[in-house]
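Report on the following structure.
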Amino acid sequence: MLMLRTKLRNWLGRGFPGAEVIEESSDHLVLRFVTPIPEIPIKRLINRMMLTVLGMLRDSLDILRGGSGIETEDIINRDNEVDRLYLLIERLVMMGITDQSILSKLGGAGSSRELVNTLMVSKSIERAGDHAWRIAQIIGEAHQMCCKLSELHISNSVVELGLNSTDILREAVIAFINGDVNDAMEVLDRRVNMRGVRVLRLLSRFMAAASCRRGW
């Protein structure tokens, strides 16, 4: 499946420059054919980044849970797509800031200030993608060195925490896309409630358990 998706992605890149991967996971690939760069709604690109990263995060957590059929290389390939989308958004933002006539073509970007905010949000999503493939990489390295982290009792709690974080990311990006201040404040409240001693204590217990299994 991984080899087939890789070949399809390369084929589309060579023969269909307007084809974009808008969502991808370990078992499916969703494509869309888009118009030239100046007419792409920039928030559609944000949504595309979010969907891809959400799939990466869920697949990484599934690996931690002991799921099979998902390869770290696949998640890394999707991270490369997220990086490409971020660079495209950065390019559009720079174009919109230097040429005000392009703002109306970017769909939903009402001002240069909003463009900068969009770039900051896209950077946060891009970093979340980096975290996703790093999680998968650490789990794979631990499996090769000593043990399956999925066998640790604390792993279920870490997966639950990860899924809650993934849900917060989704709600935060949707609130930004829709310009919904109330939803954004609710997301902030959820983040504050999740952070703090509970998170630090959980991660400390997980790392301690993993260290014991490795014989550190």
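Just so we're clear, the structure is a prediction, and the values are computed from it rather than from any experiment.
Formation of a donor-acceptor pair under 3.5 Å by the Thr52 side chain with backbone atoms of Val82 is not found in this model. Asp180 places a side-chain N or O within 3.5 Å of a backbone atom of Asn182 that can act as its donor or acceptor partner.
Within the model, atoms CZ of Arg127 and CG of Asp130 stand 8.5 Å from one another, a figure rounded to the nearest 0.5 Å. Rounding to the nearest 0.5 Å places CD1 of Ile89 at 5.0 Å from CE of Met49. If you take CD1 on Ile125 and CZ on Phe176, they are separated by 8.5 Å, rounding to the nearest 0.5 Å. In this structure, Leu119 CG and Ile46 CD1 are separated by 8.5 Å, a value rounded to the nearest 0.5 Å. From Leu57, atom CG reaches atom CD1 of Ile75 across 9.0 Å, with rounding to the nearest 0.5 Å. Note that CG of Leu85 is 11.0 Å distant from CG of Asn47, once rounded to the nearest 0.5 Å.
Checked for salt-bridge contact, Arg58 and Asp62 miss the test: no charged N lies under 4.0 Å from a carboxylate O. Note on Glu126 versus Lys123: salt bridge recorded, some NZ/NE/NH1/NH2 to OD/OE distance being below 4.0 Å. Using a 4.0 Å cut-off between charged side-chain N and carboxylate O, Glu114 and Lys43 make a salt bridge.
Atom CE of Met120 sits in a sparse spot, with 12 or fewer heavy atoms from other residues, nucleotides or ligands closer than 6.0 Å.
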